[in-house]
Amino acid sequence: GGGGPAAADNLLDAIKGRGYVLVSTDPNYEPQSFLNTSGSRPGDTKCPADALTTAEMQGFDVDVAKAVGEALGVETCFATPSWDLITAGNWVDKWDLSVGSMTITTDRQKILDFSVPYYYTPAVIAVGSDATFTSLDDLAGQAVCAGAATTYETWLTGGDLGFPATSIYAQPPADVQVVSLETDQECAQAIAAGRTDFVGYVTSQTVVNANIAAGLPVKQLGSSVYSEDLAAAFDKSSTLDTTSLRAEVDKAITAMHGDGRLTDLSTNWFGEDLTQAPK
Amino acid sequence: MPPIVKVSKLDKYFGRLHVLKSLSIKVESKEVICIIGRSGSGKSTLLRCINFLEEPSAGVIEVDGIKVEGGEKGGRHRQLVHDVRLKTGMVFQEFNLFPHMTVLDNVIEGPVTVKKMDRSKAVELGEMNLERVGLSQKRDEYPNRLSGGQKQRVAIARALAMEPRVMLFDEPTSALDPELIGEVLNVMKKLAKEGMTMLVVTHEMGFAKEVADRVVVMADGEIVEESSPAQLFARPKDPRTQALIDRYRSGGQ
Amino acid sequence: MPPIVKVSKLDKYFGRLHVLKSLSIKVESKEVICIIGRSGSGKSTLLRCINFLEEPSAGVIEVDGIKVEGGEKGGRHRQLVHDVRLKTGMVFQEFNLFPHMTVLDNVIEGPVTVKKMDRSKAVELGEMNLERVGLSQKRDEYPNRLSGGQKQRVAIARALAMEPRVMLFDEPTSALDPELIGEVLNVMKKLAKEGMTMLVVTHEMGFAKEVADRVVVMADGEIVEESSPAQLFARPKDPRTQALIDRYRSGGQ
Amino acid sequence: MHKGSGKVPLPFVSSAKGETPMSLSAAKRKTPSKSQSELIFEAQQRKERQFRSNVGLSWGLLLILLVFLFTGEKLNLGIKLIHLDWDFIRANIGFISSGVGVTFYLSILSIFLATLLALLAALGRLSIIPPIYALSTFYVSLIRGTPLFLQIFFFYLALPQVGINLSGLMAGVIALGLNYGAYMSEIFRAGLSSVGKGQREAAQAIGMTPTQTMTRIVLPQALRFAIPPTGNEFIAMTKDSALISATGFVHELMWRATKVGRAQFHSLEALIMAAVFYWMMTLVLSAVQSRIEARLSKGER
Amino acid sequence: MHKGSGKVPLPFVSSAKGETPMSLSAAKRKTPSKSQSELIFEAQQRKERQFRSNVGLSWGLLLILLVFLFTGEKLNLGIKLIHLDWDFIRANIGFISSGVGVTFYLSILSIFLATLLALLAALGRLSIIPPIYALSTFYVSLIRGTPLFLQIFFFYLALPQVGINLSGLMAGVIALGLNYGAYMSEIFRAGLSSVGKGQREAAQAIGMTPTQTMTRIVLPQALRFAIPPTGNEFIAMTKDSALISATGFVHELMWRATKVGRAQFHSLEALIMAAVFYWMMTLVLSAVQSRIEARLSKGER
Ligand SMILES: Nc1ncnc2c1ncn2[C@@H]1O[C@H](COP(=O)(O)OP(=O)(O)OP(=O)(O)O)[C@@H](O)[C@H]1O
Ligand SMILES: Nc1ncnc2c1ncn2[C@@H]1O[C@H](COP(=O)(O)OP(=O)(O)OP(=O)(O)O)[C@@H](O)[C@H]1O
Ligand SMILES: [Mg+2]
Ligand SMILES: [Mg+2]
């Protein structure tokens with residue numbers, strides 16, 4: 001794991017001391033973060049053996065993490081724990097922070113600290129491309145899929161998302177049955193494989209666009225149902241103080257908003273600018 | 001009267017091993033023949049060829065008028081083999097009782113399943129044969145509750161229940177404790193007295209002397225000597241017979 | 001000269017089963033004693049109590065001057081038992097050779113591991129004892145390549161290599177094919193001639209008649225008769241001895 | 001899975017054997033002076049009982065230690081113990097425990113399929129017809145050559161593409177059944193070969209046909225032989241059924257545990273609850289199996 | 001896991017046994033008239049060879065059928081076959097295959113730990129000291145009573161809380177090792193009890209102490225007995241190591257397959273690739289094991 005022997009008493013110093021920052025990201029979340037299977041590990045990397053280097057990963061989140069690392073003046077390395085391990089907190093210093101398109105929610109804020117948002121995504125419902133549904137209401141009583149422990153699942157089950165009412169544009173269809181798979185990608189693939197256990201899935205618009213671009217037989221149903229503020233996250237139970245690190249990361253993200261770097265990355269990966277806060 | 005069993009020019013190979021070498025032997029009705037010979041001489045194989053537990057490589061087996069050529073195949077052959085098996089009863093060294101059936105079920109299994117006999121008639125027949133081996137009182141026991149000697153007697157009753165023309169015994173007492181041998185030999189003696197035709201592979205010289213009409217000595221897949229027990233034990237002709245008898249003696253018996 | 005083995009008032013229980021009943025017996029130096037008796041009479045248990053493979057429930061075992069009380073515990077007792085075992089050699093019905101060692105390694109295992117003998121000296125001793133049982137040429141074989149008779153002879157050599165004062169044989173030929181019995185009995189006869197003190201449980205009446213100085217008859221955990229073989233076989237006193245001898249005879253031998 | 005073959009017999013086995021004759025004979029001679037045999041026998045009994053109760057005691061201590069590990073205490077030794085949120089456990093124990101039935105149901109269906117396939121594969125393995133022999137060995141090799149985890153995903157994703165759209169439960173049952181069938185074919189093969197050549201020969205000798213020999217003599221013995229190991233497989237299956245949770249459609253123990261654990265950030269507590277339920281299921285099933293085994297081995301055979 | 005115990009010996013086994021003496025004796029009598037025994041022997045040989053080659057043929061056909069299933073053809077029967085994206089397969093085969101080494105490494109480390117634990121547990125089970133006996137049975141019962149899948153998560157989540165911070169690989173090795181150790185203790189127990197009472201008694205009779213008896217007589221035989229089943233466990237372990245992927249830190253076969261498959265929406269292709277690699281590993285390891293087994297059973301013993 002990460003962490004390492006820390007003579008320092010705060011995480012920022014520890015990171016600077018060892019020369020790399022260990023960022024957790026989901027390795028199967030195209031286009032935000034996914035493996036670069038043709039990239040090879042540089043020989044001079046400081047990353048620990050079970051972490052990946054910037055050469056082995058790619059995507060929007062990866063580029064943001066890279067920029068954060070550069071701002072801290074250290075190499076960026078990636079840990080790849082499963083998503084629910086990240087959101088569950090209590091990282092026991094296995095990695096330093098998460099840059100993984102995590103939505104800020106009040107529940108998560110109980111165990112994690114968040115940076116300022118670095119982008120905003122609309123959540124949408126997608127259905128099979130030959131489906132005859134025309135609106136959200138048509139989904140009443142149907143089964144709909146979402147990744148486990150995602151905000152999409154929370155929204156579907158009518159739970160408290162824990163963000164401002166102004167960001168929520170629609171209520172879930174009546175009597176919807178929720179099927180939760182390990183990630184949203186599994187939902188898309190189950191539909192592509194012809195499974196009929198559910199008729200659609202909830203995920204970010206960026207994922208649906210990527211699904212369509214990859215040739216999956218799916219389409220977006222209606223417009224976005226809510227918008228999420230996505231940010232880097234830190235473990236509240238970290239044994240090292242994260243205050244100074246959080247401040248540095250906030251500074252870096254704000255700077256990237258300011259000089260248009262985030263906008264560039266967004267257009268590059270999503271084909272649109274998702275870095276402006278929705279009004 | 002024609003012989004009950006007639007084996008002519010029987011050859012048997014296991015792979016390249018020539019185990020029976022153009023062997024011929026006749027068993028007349030009501031005759032008791034003991035076969036002796038050292039280990040590996042082919043005694044068991046001869047018995048097993050007679051009821052086709054081993055398919056002969058060549059030669060002719062004739063049992064009670066049914067004539068079967070060795071090394072044949074096909075449905076007709078299978079039918080003939082089946083007929084021969086109904087004429088012969090076999091008793092194994094290791095008993096081979098069916099452990100999942102009671103003693104009585106062991107005995108009536110053949111009549112009911114193979115001969116399609118009425119169950120009640122088969123039970124009657126079975127009880128009669130258990131009586132014959134002195135085990136009526138064990139009819140509802142399972143084999144694992146019996147002593148070795150009792151097991152072997154049930155095995156004899158099972159074979160008898162098929163009403164065979166000839167009984168084949170392959171060392172029926174070799175797996176028994178010395179003190180249990182007697183009860184099995186006594187049943188066999190009784191059968192011999194009743195006029196059953198019997199072919200017995202055995203190491204029990206006492207039994208051979210007392211009961212056999214003829215003793216056949218085998219060595220290396222051939223019959224090397226054949227005569228009445230009195231004559232054979234007193235004046236063996238073949239040196240191999242001599243060696244065999246000496247060996248039993250030096251064994252301390 | 002004092003007896004080599006002296007068993008006094010030996011009692012042995014298995015659970016509630018009284019297997020040896022206050023049994024006493026002496027074995028003089030160079031004496032060969034055969035023990036006969038029907039199955040379950042306690043013959044093996046007696047032998048196994050003498051070298052403490054079974055712990056006696058009560059009584060005293062004395063071997064070559066070492067006196068051990070039965071039913072004791074603790075370090076001193078363990079030491080005494082160990083000393084007794086060095087004085088006795090045991091040959092089992094089932095050979096119990098060590099399958100993962102060559103014949104020679106089997107024979108030198110005791111001297112090297114237990115007596116801490118020099119390996120080269122042990123090899124010399126081992127070869128000498130293999131010679132004694134006529135198996136020098138098999139020294140580098142593994143046991144599974146040997147016949148039963150050869151195995152038993154190696155087992156005898158293994159026991160001899162510990163240079164025991166008395167050899168205990170528990171039905172050494174019962175697991176052998178009839179034709180292999182002779183070679184083992186011959187080795188035992190040779191040992192007897194060389195003056196080895198021997199205590200032999202056996203069914204081989206011929207051997208008992210020829211070699212034994214005394215035959216001991218056991219029944220129900222007691223010694224019921226004890227005399228020279230000639231006398232015992234000709235005029236058995238105890239009815240149980242008579243029954244035993246009859247049983248062997250009716251076994252067809 | 002204590003099969004009573006160890007040094008310490010299971011309580012119910014030993015009591016059935018030892019006590020009855022004991023009390024009978026004790027009643028007979030109610031004299032103050034017990035025989036030596038009585039005394040020695042009782043000493044042995046006492047020693048065994050003492051061993052058993054000491055083992056029981058140690059088990060108890062180990063259990064307490066295990067629970068203590070989760071009290072969240074800080075030890076002087078600088079070791080921190082694991083803290084569990086007991087409120088979470090109380091709140092969710094009902095939800096998780098209702099997965100026990102589903103797990104059991106799933107396993108029952110799967111073991112039936114597996115038994116059938118295993119028997120067919122074992123018979124195929126004995127066949128002298130090359131395609132049948134090949135099919136049986138191919139099936140066993142392919143299934144045993146790949147992880148169950150992977151097979152479950154595969155059935156979930158691949159079958160719909162050929163137009164077979166099974167419910168999550170059925171896909172799980174098929175995956176588990178196919179997988180265990182391949183492994184269990186060895187059991188049935190062993191069962192068939194446990195029926196010695198002598199049995200077949202005895203049947204032939206009284207004139208039975210090959211079919212009669214198989215159905216009347218070989219199969220009844222082979223199946224009886226196969227019952228205890230099949231019981232073991234069933235117990236193993238209750239645990240492997242946890243993998244079905246990954247497909248998300250079968251709400252068995254593991255699914256429920258991961259589900260509430262993730263949603264409420266208490267994966268550890270949820271997993272521990274599931275572990276306790278699995279362990280209890282296993283202990284109960286093992287005890288049942290021991291009884292069956294004891295009956296089979298004592299009984300008629 | 002074909003252990004060569006079936007009707008058809010593995011090719012290399014049979015050739016080692018059968019061919020050499022055959023050709024030797026054939027060379028000796030190169031006369032036109034072969035003996036009857038020669039003829040019968042050769043007929044048998046021919047029949048066996050023919051059976052083997054027919055089985056091989058059937059296997060080939062089954063493999064082709066399996067591949068055909070994935071061509072995406074539409075059959076007239078109304079059945080659609082599964083379509084695979086071969087470009088994806090070509091692009092990612094290198095990435096996935098590099099997990100074979102990790103899987104193997106993981107399994108090697110785990111089997112060492114498991115063997116050690118299994119031996120200790122088996123010896124503990126034979127102990128007459130109650131706490132040791134209890135510890136051994138407790139360990140086996142607890143581990144065998146809960147799913148491996150759950151244990152892996154548990155070690156990953158729980159150990160750090162007591163201050164033991166292991167790498168993902170080490171947590172995986174410990175979970176696998178502990179799990180297999182509990183199951184394999186049965187193997188070593190069987191190994192120890194395969195060494196008959198007679199062996200111990202023979203050792204005692206020549207004056208060996210209990211320790212000498214154990215180290216010189218019992219253990220060497222027990223370990224040799226345990227080698228083949230341990231080989232089987234190792235093969236099984238290469239597949240169970242797939243479960244380690246779930247924690248996300250060990251980049252073995254299954255992890256690579258699921259990650260790259262999900263990210264690029266080609267899970268099916270990725271899983272099939274992984275399946276092929278697992279199967280190949282299994283076949284190779286099984287062949288190695290057959291050789292070891294053949295040597296052990298033929299060899300000195
Ligand atoms: N199924 C078999 N396959 C190969 N060889 C066999 C087979 N059965 C017997 N043999 C060989 O045939 C020879 C004769 O065996 P058989 O069993 O007939 O001898 P036997 O006279 O009955 O000996 P024993 O007194 O030991 O029973 C032996 O060399 C034996 O090894
Ligand atoms: N380890 C044991 N536990 C319980 N009972 C035993 C044990 N060993 C032997 N016995 C019983 O003790 C009695 C005497 O057995 P022992 O083996 O000494 O008889 P034996 O005279 O050698 O018989 P055999 O000729 O069959 O070898 C028998 O009733 C036997 O069942
Ligand atoms: Mg024979
Ligand atoms: Mg005995």
Side-chain angles (χ1 to χ4, degrees), chain D residues 1-2 6-8 51 54-59 61-63 66 69 78-83 125-126 128 130-131 133-135 137-138 140-142 144-151 153-154 157-158 161-163 189 239-240 242-243 254 257 267-268 271-272 274-275 278-283, chain E residues 1-2 6-8 51 54-59 61-63 66 69 78-83 125-126 128 130-131 133-135 137-138 140-142 144-151 153-154 157-158 161-163 239-240 242-243 254 257-258 267-268 271-272 274-275 278-283:
Chain D
M1 276 173 252
H2 308 280
K7 203 177 272 167
V8 179
F51 182 76
N54 279 339
V55 167
L57 198 71
S58 308
W59 259 69
L61 285 175
L62 285 167
L63 268 176
L66 197 65
L69 254 183
I79 301 174
K80 206 180 64 178
L81 297 182
I82 297 166
H83 170 75
R125 184 71 191 257
L126 293 177
I128 52 166
Y133 180 90
L135 187 64
T137 53
F138 189 80
V140 172
S141 176
L142 179 58
R144 294 178 67 160
T146 49
L148 172 59
F149 196 33
L150 197 151
Q151 287 161 20
F153 274 111
F154 183 82
L157 288 175
Q161 295 203 21
V162 286
R189 197 146 78 91
K239 287 165 283 152
D240 271 344
L243 295 178
M254 187 75 181
S267 286
L268 194 59
L271 289 180
I272 288 172
Y278 278 113
W279 197 10
M280 284 182 339
M281 275 183 85
T282 305
L283 287 178
Chain E
M1 275 172 250
H2 307 281
K7 203 178 272 167
V8 179
F51 181 75
N54 278 341
V55 169
L57 198 72
S58 308
W59 260 69
L61 285 175
L62 285 167
L63 268 175
L66 197 65
L69 253 184
I79 301 174
K80 207 180 63 176
L81 298 183
I82 298 165
H83 171 75
R125 184 71 193 255
L126 293 177
I128 51 166
Y133 180 90
L135 187 64
T137 52
F138 189 80
V140 172
S141 176
L142 178 58
R144 294 178 68 160
T146 50
L148 172 59
F149 195 34
L150 197 151
Q151 288 161 20
F153 273 109
F154 183 82
L157 290 173
Q161 295 204 22
V162 287
K239 286 165 285 151
D240 271 344
L243 296 178
M254 188 73 182
T258 48
S267 284
L268 194 59
L271 289 179
I272 288 172
Y278 278 113
W279 196 10
M280 285 184 336
M281 276 183 84
T282 305
L283 288 177

Enquirer: Considering non-hydrogen atoms only, spot the tightest contact between D/Tyr133 and E/Val55 and give its length.
Expert: CD2-CG2, 3.5 Å

Enquirer: State the CG-CG distance between D/Leu142 and E/Leu62, to the nearest 0.5 angstrom.
Expert: 10.0 Å

Enquirer: Please tell me if the side chains of E/Thr137 and D/Trp59 come closer than 4.5 Å, counting only heavy atoms from C-beta onward.
Expert: yes

Enquirer: Can you sort out the partners of E/Thr146 under side chain to side chain donor-acceptor pair (under 3.5 Å), two or more places apart, ordered by chain and number?
Expert: E/Gln151

Enquirer: Could you tell me the separation between the CG atom of D/Leu243 and the CG atom of E/Leu148, rounded to the nearest 0.5 Å?
Expert: 8.5 Å

Enquirer: Please flag which part of D/Leu63 lies under 4.5 Å from any non-hydrogen atom of chain E: side chain, backbone, both or neither.
Expert: both

Enquirer: With D/Leu150, which of E/Leu271, E/Ile272, E/Thr258 fulfils side-chain contact (heavy atoms from CB on, under 4.5 Å)?
Expert: E/Leu271

Enquirer: Between chain D and each of E/Ala257, E/Pro130, E/Pro131, count heavy-atom pairs under 4.5 Å; write down the option with the most.
Expert: E/Pro130

Enquirer: At a heavy-atom separation under 4.5 Å, does D/Leu135 approach chain E through its side chain, its backbone, both, or neither?
Expert: both

Enquirer: So, taking the atom named CZ in D/Phe138 and the one named OG in E/Ser58, what distance separates them when rounded to the nearest 0.5 Å?
Expert: 11.0 Å

Enquirer: With a 4.5 angstrom heavy-atom cut-off, is it the side chain or the backbone of D/Leu61 that approaches chain E, or both, or neither?
Expert: neither

Enquirer: Kindly say whether D/Phe149 contributes a backbone atom to a donor-acceptor pair with the side chain of E/Lys239 at under 3.5 angstrom?
Expert: no

Enquirer: Select, from E/Leu66, E/Leu268, E/Asp240, the one with the greatest count of heavy-atom pairs under 4.5 Å involving chain D.
Expert: E/Leu268

Enquirer: Evaluate the side-chain proximity of D/Arg144 to E/Thr282: yes if any heavy-atom separation is below 4.5 Å, no if none is.
Expert: no

